[in-house]
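Remarks on the structure that follows.
The chains referred to below are lettered A, B, ... by the order of the sequence lines, with proteins before strands, and numbering in each begins at 1. Note that these values count all heavy atoms, side chains included, but never hydrogens, waters or copies made by symmetry.
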Amino acid sequence: MISVQTHDFDIASEYNALKSSSASDGAIVTFTGLVRDINQGNQVTGLTLEHYPGMTEKSLANIVQQAKLRWPLGKVHVIHRVGRLLLLDQIVFVGVTSKHREAAFEACQFIMDYLKNNAPFWKKETTLDGEKWVEFNEKDREAASRWKKRKYGV
Amino acid sequence: MISVQTHDFDIASEYNALKSSSASDGAIVTFTGLVRDINQGNQVTGLTLEHYPGMTEKSLANIVQQAKLRWPLGKVHVIHRVGRLLLLDQIVFVGVTSKHREAAFEACQFIMDYLKNNAPFWKKETTLDGEKWVEFNEKDREAASRWKKRKYGV
Amino acid sequence: MIKVLFFGQLKEVLACDRLDLEVTEQMKVSDVHALLLTRYQQSTSYLKPGRILVAVNQDLASMEHQISDGDELAFFPPVTGG
Amino acid sequence: MIKVLFFGQLKEVLACDRLDLEVTEQMKVSDVHALLLTRYQQSTSYLKPGRILVAVNQDLASMEHQISDGDELAFFPPVTGG
(Lines give C-alpha, C1' and ligand atoms only; values in the text may rest on other atoms or scores of the structure.)
Protein backbone atom coordinates (compact mmCIF):
# COMPACT_ATOMS: atom_id res chain seq x y z
CA MET A 1 0.00 0.00 0.00
CA ILE A 2 1.43 3.33 -1.09
CA SER A 3 -0.13 6.69 -0.38
CA VAL A 4 0.93 10.27 -1.04
CA GLN A 5 -1.50 12.44 0.87
CA THR A 6 -2.02 15.83 2.49
CA HIS A 7 -3.89 14.47 5.52
CA ASP A 8 -2.27 12.95 8.58
CA PHE A 9 -2.02 9.21 9.19
CA ASP A 10 -2.74 7.14 12.27
CA ILE A 11 -0.03 4.76 13.47
CA ALA A 12 -2.48 2.47 15.27
CA SER A 13 -4.52 1.90 12.09
CA GLU A 14 -1.40 1.33 10.04
CA TYR A 15 0.01 -1.05 12.58
CA ASN A 16 -3.23 -3.03 12.82
CA ALA A 17 -3.42 -3.33 9.05
CA LEU A 18 0.14 -4.65 8.95
CA LYS A 19 -0.50 -7.04 11.85
CA SER A 20 -3.54 -8.60 10.27
CA SER A 21 -1.41 -10.16 7.59
CA SER A 22 -0.57 -13.85 7.60
CA ALA A 23 0.25 -15.53 10.90
CA SER A 24 3.65 -16.39 9.46
CA ASP A 25 4.96 -12.85 9.83
CA GLY A 26 6.43 -12.58 13.30
CA ALA A 27 8.26 -9.28 12.79
CA ILE A 28 6.91 -5.79 12.22
CA VAL A 29 9.27 -2.84 11.80
CA THR A 30 8.00 0.69 11.39
CA PHE A 31 9.73 3.97 10.68
CA THR A 32 8.07 7.33 11.24
CA GLY A 33 9.67 10.63 10.28
CA LEU A 34 8.60 13.84 12.02
CA VAL A 35 9.26 17.52 11.36
CA ARG A 36 12.32 18.34 13.50
CA ASP A 37 13.04 21.67 15.15
CA ILE A 38 16.58 21.93 13.80
CA ASN A 39 17.64 20.91 10.30
CA GLN A 40 20.90 21.76 8.55
CA GLY A 41 21.48 24.33 11.28
CA ASN A 42 18.19 26.16 10.86
CA GLN A 43 15.50 26.67 13.49
CA VAL A 44 12.49 25.15 11.77
CA THR A 45 8.86 25.97 12.57
CA GLY A 46 7.27 24.06 9.70
CA LEU A 47 7.69 23.01 6.12
CA THR A 48 5.94 22.68 2.80
CA LEU A 49 6.35 19.47 0.85
CA GLU A 50 6.00 19.47 -2.89
CA HIS A 51 5.89 16.37 -5.09
CA TYR A 52 5.54 15.32 -8.73
CA PRO A 53 2.11 13.71 -8.96
CA GLY A 54 2.34 10.46 -10.87
CA MET A 55 6.11 10.11 -10.79
CA THR A 56 6.23 10.15 -6.98
CA GLU A 57 3.81 7.24 -6.64
CA LYS A 58 5.61 5.36 -9.45
CA SER A 59 8.96 5.90 -7.76
CA LEU A 60 7.67 4.67 -4.38
CA ALA A 61 6.09 1.60 -5.99
CA ASN A 62 9.40 0.85 -7.67
CA ILE A 63 11.32 1.13 -4.39
CA VAL A 64 8.86 -1.19 -2.63
CA GLN A 65 9.15 -3.64 -5.53
CA GLN A 66 12.95 -3.66 -5.24
CA ALA A 67 12.67 -4.34 -1.49
CA LYS A 68 10.27 -7.23 -2.11
CA LEU A 69 12.66 -8.78 -4.62
CA ARG A 70 15.48 -8.52 -2.16
CA TRP A 71 13.87 -9.68 1.08
CA PRO A 72 11.07 -12.14 1.89
CA LEU A 73 8.44 -9.62 2.98
CA GLY A 74 4.81 -9.82 3.94
CA LYS A 75 3.13 -6.42 3.84
CA VAL A 76 4.74 -3.09 3.05
CA HIS A 77 3.00 0.24 3.70
CA VAL A 78 4.47 3.57 2.65
CA ILE A 79 2.74 6.87 3.39
CA HIS A 80 4.25 10.26 2.58
CA ARG A 81 2.52 13.53 3.28
CA VAL A 82 2.70 16.62 1.09
CA GLY A 83 1.58 20.20 1.63
CA ARG A 84 1.98 22.32 4.72
CA LEU A 85 3.34 20.66 7.89
CA LEU A 86 4.17 21.98 11.34
CA LEU A 87 6.74 21.11 13.96
CA LEU A 88 6.47 17.45 15.10
CA ASP A 89 3.90 16.65 12.40
CA GLN A 90 4.27 13.20 10.91
CA ILE A 91 5.88 13.29 7.45
CA VAL A 92 6.49 9.73 6.41
CA PHE A 93 5.63 6.20 7.52
CA VAL A 94 7.18 2.94 6.34
CA GLY A 95 5.89 -0.31 7.84
CA VAL A 96 7.18 -3.75 6.87
CA THR A 97 6.31 -7.26 8.02
CA SER A 98 8.36 -10.40 7.54
CA LYS A 99 8.86 -13.85 9.00
CA HIS A 100 12.14 -12.72 10.49
CA ARG A 101 13.28 -9.51 12.09
CA GLU A 102 16.44 -9.03 10.06
CA ALA A 103 14.57 -8.86 6.75
CA ALA A 104 11.99 -6.47 8.24
CA PHE A 105 14.66 -4.14 9.65
CA GLU A 106 16.78 -4.12 6.52
CA ALA A 107 13.88 -3.67 4.11
CA CYS A 108 12.41 -0.80 6.13
CA GLN A 109 15.76 1.00 6.23
CA PHE A 110 16.39 0.29 2.54
CA ILE A 111 13.02 1.80 1.59
CA MET A 112 13.74 4.96 3.60
CA ASP A 113 17.24 5.29 2.15
CA TYR A 114 15.99 4.91 -1.42
CA LEU A 115 13.02 7.19 -0.82
CA LYS A 116 15.39 9.90 0.42
CA ASN A 117 17.46 9.61 -2.77
CA ASN A 118 14.97 8.85 -5.48
CA ALA A 119 11.39 9.78 -4.68
CA PRO A 120 10.50 13.20 -6.11
CA PHE A 121 9.64 15.25 -3.03
CA TRP A 122 11.02 18.70 -2.23
CA LYS A 123 10.98 20.36 1.16
CA LYS A 124 10.81 24.06 1.78
CA GLU A 125 11.36 24.90 5.41
CA THR A 126 9.86 27.77 7.32
CA THR A 127 12.63 29.03 9.56
CA LEU A 128 12.99 32.06 11.79
CA ASP A 129 14.85 33.68 8.87
CA GLY A 130 12.08 33.01 6.36
CA GLU A 131 11.49 30.23 3.87
CA LYS A 132 14.34 28.12 2.58
CA TRP A 133 14.53 25.16 0.21
CA VAL A 134 16.22 22.19 1.83
CA GLU A 135 19.47 21.13 0.17
CA PHE A 136 20.06 17.52 -0.79
CA ASN A 137 22.07 15.80 1.92
CA GLU A 138 25.17 13.94 0.74
CA LYS A 139 24.82 11.55 3.70
CA ASP A 140 21.63 10.26 2.10
CA ARG A 141 23.50 9.30 -1.05
CA GLU A 142 26.01 7.37 1.05
CA ALA A 143 23.21 5.67 2.99
CA ALA A 144 21.61 4.44 -0.24
CA SER A 145 24.84 3.43 -1.92
CA ARG A 146 25.85 1.04 0.83
CA TRP A 147 22.89 -1.22 -0.12
CA LYS A 148 24.66 -1.88 -3.41
CA LYS A 149 27.49 -3.50 -1.53
CA ARG A 150 25.49 -5.36 1.08
CA LYS A 151 23.43 -8.45 0.62
CA TYR A 152 20.64 -9.93 2.73
CA GLY A 153 22.16 -11.49 5.81
CA VAL A 154 24.92 -8.84 5.90
CA MET B 1 11.29 2.63 29.96
CA ILE B 2 11.60 -1.12 30.42
CA SER B 3 8.75 -3.43 31.29
CA VAL B 4 8.43 -7.19 31.68
CA GLN B 5 4.73 -7.90 31.95
CA THR B 6 2.03 -10.51 31.48
CA HIS B 7 -0.53 -8.09 30.04
CA ASP B 8 -0.65 -6.93 26.44
CA PHE B 9 0.67 -3.56 25.27
CA ASP B 10 -0.86 -0.96 23.00
CA ILE B 11 1.24 0.27 20.08
CA ALA B 12 -0.60 3.58 19.81
CA SER B 13 0.14 4.46 23.46
CA GLU B 14 3.76 3.42 23.11
CA TYR B 15 4.16 5.38 19.91
CA ASN B 16 2.57 8.50 21.40
CA ALA B 17 4.83 8.30 24.43
CA LEU B 18 7.88 8.06 22.16
CA LYS B 19 6.65 10.88 19.94
CA SER B 20 6.13 13.29 22.80
CA SER B 21 9.85 13.48 23.38
CA SER B 22 11.91 16.47 22.33
CA ALA B 23 11.16 18.13 19.01
CA SER B 24 14.71 17.31 17.97
CA ASP B 25 13.97 13.65 17.40
CA GLY B 26 12.81 13.30 13.82
CA ALA B 27 13.04 9.53 13.59
CA ILE B 28 11.03 6.82 15.37
CA VAL B 29 11.74 3.15 14.70
CA THR B 30 9.68 0.41 16.30
CA PHE B 31 9.97 -3.34 16.27
CA THR B 32 7.14 -5.64 17.32
CA GLY B 33 7.49 -9.40 17.58
CA LEU B 34 4.40 -11.61 17.34
CA VAL B 35 3.77 -15.31 17.96
CA ARG B 36 4.27 -16.98 14.57
CA ASP B 37 2.43 -20.04 13.31
CA ILE B 38 5.58 -21.91 12.27
CA ASN B 39 8.82 -21.93 14.24
CA GLN B 40 11.77 -24.26 13.77
CA GLY B 41 9.49 -26.43 11.63
CA ASN B 42 6.72 -26.81 14.20
CA GLN B 43 3.09 -25.79 13.84
CA VAL B 44 2.66 -23.45 16.78
CA THR B 45 -0.63 -22.60 18.46
CA GLY B 46 0.76 -20.65 21.40
CA LEU B 47 3.63 -20.39 23.80
CA THR B 48 4.55 -19.87 27.42
CA LEU B 49 7.30 -17.42 28.24
CA GLU B 50 9.31 -17.82 31.41
CA HIS B 51 11.80 -15.29 32.76
CA TYR B 52 14.18 -14.72 35.66
CA PRO B 53 12.59 -11.89 37.68
CA GLY B 54 15.21 -9.35 38.57
CA MET B 55 17.91 -10.52 36.20
CA THR B 56 15.70 -10.07 33.14
CA GLU B 57 15.00 -6.42 33.93
CA LYS B 58 18.67 -5.85 34.76
CA SER B 59 19.75 -7.44 31.50
CA LEU B 60 17.33 -5.32 29.44
CA ALA B 61 18.43 -2.14 31.22
CA ASN B 62 22.03 -3.04 30.45
CA ILE B 63 21.28 -3.59 26.74
CA VAL B 64 19.46 -0.24 26.51
CA GLN B 65 22.38 1.42 28.26
CA GLN B 66 24.82 -0.04 25.75
CA ALA B 67 22.67 1.22 22.88
CA LYS B 68 22.56 4.71 24.41
CA LEU B 69 26.33 4.80 24.72
CA ARG B 70 26.69 3.77 21.11
CA TRP B 71 24.11 5.94 19.35
CA PRO B 72 22.68 9.40 20.07
CA LEU B 73 19.20 8.33 21.14
CA GLY B 74 16.19 10.14 22.55
CA LYS B 75 13.73 7.71 24.13
CA VAL B 76 13.98 3.95 24.26
CA HIS B 77 11.05 1.73 25.28
CA VAL B 78 11.34 -2.02 25.68
CA ILE B 79 8.38 -4.20 26.62
CA HIS B 80 8.55 -7.99 26.83
CA ARG B 81 5.62 -10.16 27.80
CA VAL B 82 5.81 -13.33 29.86
CA GLY B 83 3.26 -16.04 30.61
CA ARG B 84 0.81 -17.67 28.24
CA LEU B 85 0.51 -16.26 24.71
CA LEU B 86 -1.54 -17.29 21.68
CA LEU B 87 -0.98 -17.14 17.95
CA LEU B 88 -0.37 -13.58 16.71
CA ASP B 89 -0.19 -12.21 20.26
CA GLN B 90 2.36 -9.46 20.72
CA ILE B 91 5.51 -10.70 22.47
CA VAL B 92 7.99 -7.87 22.40
CA PHE B 93 8.16 -4.16 21.55
CA VAL B 94 11.24 -2.02 21.07
CA GLY B 95 10.77 1.66 20.20
CA VAL B 96 13.62 4.10 19.68
CA THR B 97 13.75 7.79 18.81
CA SER B 98 16.71 9.73 17.50
CA LYS B 99 17.56 12.86 15.56
CA HIS B 100 18.48 10.72 12.56
CA ARG B 101 17.02 7.58 11.09
CA GLU B 102 20.22 5.60 10.85
CA ALA B 103 20.85 5.73 14.60
CA ALA B 104 17.22 4.82 15.33
CA PHE B 105 17.26 1.83 12.94
CA GLU B 106 20.59 0.52 14.13
CA ALA B 107 19.87 0.94 17.84
CA CYS B 108 16.47 -0.78 17.55
CA GLN B 109 18.00 -3.73 15.71
CA PHE B 110 20.95 -3.88 18.12
CA ILE B 111 18.58 -4.02 21.12
CA MET B 112 16.60 -6.87 19.57
CA ASP B 113 19.76 -8.80 18.64
CA TYR B 114 21.18 -8.46 22.14
CA LEU B 115 17.86 -9.24 23.79
CA LYS B 116 17.65 -12.48 21.78
CA ASN B 117 21.11 -13.50 22.98
CA ASN B 118 21.34 -12.20 26.50
CA ALA B 119 18.02 -11.47 28.16
CA PRO B 120 16.88 -14.42 30.31
CA PHE B 121 13.61 -15.49 28.73
CA TRP B 122 12.68 -19.03 27.76
CA LYS B 123 9.95 -20.04 25.35
CA LYS B 124 7.96 -23.23 25.49
CA GLU B 125 5.83 -23.68 22.42
CA THR B 126 2.48 -25.39 22.24
CA THR B 127 2.52 -27.32 18.99
CA LEU B 128 0.19 -29.89 17.44
CA ASP B 129 2.58 -32.54 18.86
CA GLY B 130 2.47 -31.17 22.40
CA GLU B 131 4.69 -28.76 24.31
CA LYS B 132 8.27 -28.20 23.30
CA TRP B 133 11.04 -25.96 24.62
CA VAL B 134 12.43 -23.70 21.92
CA GLU B 135 16.09 -24.31 21.12
CA PHE B 136 18.53 -21.41 21.00
CA ASN B 137 18.99 -20.28 17.42
CA GLU B 138 22.58 -20.01 16.22
CA LYS B 139 21.52 -17.27 13.77
CA ASP B 140 20.80 -15.06 16.77
CA ARG B 141 24.36 -15.40 17.96
CA GLU B 142 25.62 -14.37 14.54
CA ALA B 143 23.19 -11.43 14.46
CA ALA B 144 24.54 -10.15 17.77
CA SER B 145 28.19 -10.77 17.01
CA ARG B 146 28.20 -8.63 13.88
CA TRP B 147 27.64 -5.53 16.06
CA LYS B 148 31.09 -6.11 17.47
CA LYS B 149 32.56 -5.54 14.03
CA ARG B 150 30.35 -2.67 12.93
CA LYS B 151 30.48 0.88 14.10
CA TYR B 152 27.92 3.66 13.99
CA GLY B 153 27.75 4.97 10.46
CA VAL B 154 28.47 1.49 9.01
CA MET C 1 5.14 18.98 -28.96
CA ILE C 2 6.56 17.98 -25.61
CA LYS C 3 5.58 19.02 -22.11
CA VAL C 4 8.32 20.30 -19.81
CA LEU C 5 7.62 20.46 -16.07
CA PHE C 6 9.60 22.16 -13.31
CA PHE C 7 9.52 21.38 -9.59
CA GLY C 8 10.88 22.60 -6.30
CA GLN C 9 13.22 25.54 -6.20
CA LEU C 10 13.66 25.41 -9.98
CA LYS C 11 9.95 26.05 -10.53
CA GLU C 12 10.18 29.00 -8.19
CA VAL C 13 13.33 30.48 -9.74
CA LEU C 14 12.07 30.11 -13.32
CA ALA C 15 8.60 31.28 -12.20
CA CYS C 16 7.18 28.53 -14.38
CA ASP C 17 5.74 25.11 -13.67
CA ARG C 18 4.99 24.01 -17.21
CA LEU C 19 6.22 24.79 -20.70
CA ASP C 20 5.18 23.33 -24.05
CA LEU C 21 7.93 23.01 -26.63
CA GLU C 22 8.01 22.02 -30.27
CA VAL C 23 10.53 19.27 -30.88
CA THR C 24 12.33 18.23 -34.00
CA GLU C 25 13.50 14.73 -34.95
CA GLN C 26 16.54 13.32 -33.15
CA MET C 27 16.34 15.68 -30.19
CA LYS C 28 17.91 14.62 -26.93
CA VAL C 29 17.32 15.76 -23.35
CA SER C 30 20.54 17.77 -23.68
CA ASP C 31 19.01 19.74 -26.60
CA VAL C 32 16.00 20.67 -24.46
CA HIS C 33 18.39 21.60 -21.68
CA ALA C 34 20.28 23.90 -24.09
CA LEU C 35 16.99 25.56 -25.06
CA LEU C 36 16.25 26.18 -21.38
CA LEU C 37 19.67 27.74 -20.83
CA THR C 38 18.91 30.18 -23.67
CA ARG C 39 15.40 30.93 -22.48
CA TYR C 40 16.32 31.42 -18.80
CA GLN C 41 19.63 33.25 -19.05
CA GLN C 42 19.22 34.83 -15.62
CA SER C 43 18.85 31.46 -13.95
CA THR C 44 21.50 29.31 -15.59
CA SER C 45 23.21 28.62 -12.28
CA TYR C 46 20.08 26.73 -11.21
CA LEU C 47 20.17 24.72 -14.43
CA LYS C 48 23.70 23.38 -14.08
CA PRO C 49 23.82 19.65 -14.77
CA GLY C 50 25.04 18.82 -11.25
CA ARG C 51 22.19 20.82 -9.71
CA ILE C 52 19.30 19.31 -11.59
CA LEU C 53 17.79 15.94 -12.32
CA VAL C 54 15.67 15.15 -15.32
CA ALA C 55 12.84 12.67 -15.81
CA VAL C 56 11.34 11.56 -19.10
CA ASN C 57 7.81 10.19 -18.83
CA GLN C 58 8.24 10.04 -15.06
CA ASP C 59 11.43 8.00 -15.03
CA LEU C 60 14.82 9.48 -14.24
CA ALA C 61 16.79 9.90 -17.48
CA SER C 62 20.21 11.00 -18.67
CA MET C 63 21.09 13.99 -20.83
CA GLU C 64 21.63 11.55 -23.70
CA HIS C 65 18.08 10.26 -23.58
CA GLN C 66 16.35 10.51 -26.99
CA ILE C 67 13.00 12.27 -26.81
CA SER C 68 9.87 11.74 -28.84
CA ASP C 69 6.85 13.81 -29.65
CA GLY C 70 4.37 13.71 -26.77
CA ASP C 71 6.98 13.04 -24.07
CA GLU C 72 6.66 14.54 -20.61
CA LEU C 73 10.00 15.93 -19.42
CA ALA C 74 10.61 17.24 -15.94
CA PHE C 75 13.56 19.16 -14.53
CA PHE C 76 14.03 19.46 -10.80
CA PRO C 77 16.64 19.78 -8.03
CA PRO C 78 17.89 16.70 -6.15
CA VAL C 79 15.05 15.35 -4.04
CA THR C 80 14.65 16.09 -0.32
CA GLY C 81 11.66 14.07 0.91
CA GLY C 82 11.35 11.67 3.82
CA MET D 1 24.53 -20.76 52.33
CA ILE D 2 23.90 -19.94 48.68
CA LYS D 3 20.70 -20.01 46.70
CA VAL D 4 20.71 -21.93 43.39
CA LEU D 5 17.90 -21.27 40.91
CA PHE D 6 16.94 -23.19 37.79
CA PHE D 7 14.97 -21.91 34.79
CA GLY D 8 13.44 -23.12 31.56
CA GLN D 9 13.82 -26.68 30.49
CA LEU D 10 16.44 -27.28 33.19
CA LYS D 11 13.96 -26.45 35.94
CA GLU D 12 11.51 -28.88 34.39
CA VAL D 13 14.02 -31.68 33.93
CA LEU D 14 15.44 -31.35 37.44
CA ALA D 15 11.92 -30.87 38.82
CA CYS D 16 13.33 -28.13 40.99
CA ASP D 17 13.31 -24.36 40.82
CA ARG D 18 15.35 -23.57 43.89
CA LEU D 19 17.96 -25.27 46.00
CA ASP D 20 19.85 -24.01 49.07
CA LEU D 21 23.43 -25.20 49.39
CA GLU D 22 26.08 -24.86 52.05
CA VAL D 23 29.29 -23.48 50.62
CA THR D 24 32.80 -23.72 51.86
CA GLU D 25 35.58 -21.16 51.41
CA GLN D 26 37.14 -20.85 47.94
CA MET D 27 34.29 -22.47 46.08
CA LYS D 28 33.88 -21.69 42.43
CA VAL D 29 30.86 -21.97 40.14
CA SER D 30 32.46 -25.14 38.75
CA ASP D 31 32.35 -26.70 42.23
CA VAL D 32 28.63 -26.03 42.50
CA HIS D 33 28.23 -27.44 39.02
CA ALA D 34 30.05 -30.62 40.11
CA LEU D 35 27.69 -30.92 43.09
CA LEU D 36 24.72 -30.67 40.72
CA LEU D 37 26.13 -33.38 38.45
CA THR D 38 26.32 -35.69 41.50
CA ARG D 39 22.88 -34.79 42.76
CA TYR D 40 21.13 -35.06 39.38
CA GLN D 41 22.82 -38.10 37.87
CA GLN D 42 19.86 -38.85 35.62
CA SER D 43 19.95 -35.40 34.05
CA THR D 44 23.64 -34.77 33.45
CA SER D 45 23.11 -34.35 29.71
CA TYR D 46 21.07 -31.23 30.50
CA LEU D 47 23.86 -29.92 32.70
CA LYS D 48 26.65 -30.07 30.11
CA PRO D 49 28.64 -26.84 30.05
CA GLY D 50 27.71 -26.11 26.41
CA ARG D 51 24.02 -26.53 27.20
CA ILE D 52 23.77 -24.27 30.21
CA LEU D 53 24.52 -20.74 31.22
CA VAL D 54 25.18 -19.60 34.74
CA ALA D 55 24.52 -16.30 36.47
CA VAL D 56 25.89 -15.16 39.79
CA ASN D 57 23.88 -12.47 41.50
CA GLN D 58 21.95 -11.94 38.27
CA ASP D 59 24.98 -11.38 36.02
CA LEU D 60 26.24 -14.00 33.60
CA ALA D 61 29.36 -15.62 35.02
CA SER D 62 31.98 -18.16 34.06
CA MET D 63 32.67 -21.54 35.66
CA GLU D 64 35.76 -19.96 37.23
CA HIS D 65 33.76 -17.34 39.10
CA GLN D 66 34.51 -17.36 42.83
CA ILE D 67 31.39 -17.56 44.95
CA SER D 68 30.66 -16.12 48.37
CA ASP D 69 28.21 -16.88 51.11
CA GLY D 70 24.82 -15.40 50.32
CA ASP D 71 25.27 -15.45 46.54
CA GLU D 72 22.37 -16.17 44.21
CA LEU D 73 23.39 -18.60 41.48
CA ALA D 74 21.21 -19.54 38.54
CA PHE D 75 21.62 -22.27 35.95
CA PHE D 76 19.57 -22.19 32.77
CA PRO D 77 19.60 -23.12 29.07
CA PRO D 78 20.59 -20.56 26.40
CA VAL D 79 17.90 -17.88 26.25
CA THR D 80 15.10 -17.86 23.69
CA GLY D 81 13.10 -14.67 24.22
CA GLY D 82 12.11 -11.96 21.77
(request) Output the option from B:D140, B:V35, B:V44 having the highest count of non-hydrogen pairs under 4.5 Å with chain A. (result) B:D140
(request) State, with a plain yes or no, whether a side-chain heavy atom of B:E14 is found less than 4.5 Å away from one of A:I11. (result) no
(message) Can you tell me how far apart CG (B:N39) and OG (A:S24) are? Round to the nearest 0.5 Å.
(response) 11.0 Å
(request) Would you give the length of the straight line joining atom NE2 of B:H100 to atom CZ of A:R36, rounded to the nearest 0.5 angstrom? (result) 4.5 Å
(request) Evaluate whether atom NZ of A:K99 has more than 12 neighbouring non-hydrogen atoms of other residues, nucleotides or ligands under 6.0 angstrom away. (result) no
(request) Tell me, for B:K116 versus chain A, whether the close heavy atoms (under 4.5 Å) come from the side chain, the backbone, both or neither. (result) side chain
(message) Out of A:D113, A:I38, A:V96, A:L87, return the one with the most heavy atom pairs under 4.5 angstrom to chain B.
(response) A:D113
(request) Answer whether the closest heavy-atom distance between the side chains of A:I28 and B:Q90 falls below 4.5 Å. (result) no
(request) Could you check if a side-chain atom of B:T32 sits within less than 4.5 angstrom of a side-chain atom of A:Y15, using non-hydrogen atoms only? (result) yes
(message) Please identify, among A:S13, A:A12, A:G95, A:C108, the residue contributing the most non-hydrogen atom pairs under 4.5 Å to chain B.
(response) A:C108
(request) Compare all side-chain heavy atoms of B:E102 with those of A:Q109 and state whether any distance is below 4.5 angstrom. (result) yes
(message) Please classify the contact of B:A143 with chain A as side chain, backbone, both or neither, using a heavy-atom distance under 4.5 Å.
(response) side chain
(request) Would you check if B:V29 and A:V29 make a side-chain contact, meaning some heavy-atom pair closer than 4.5 Å? (result) yes
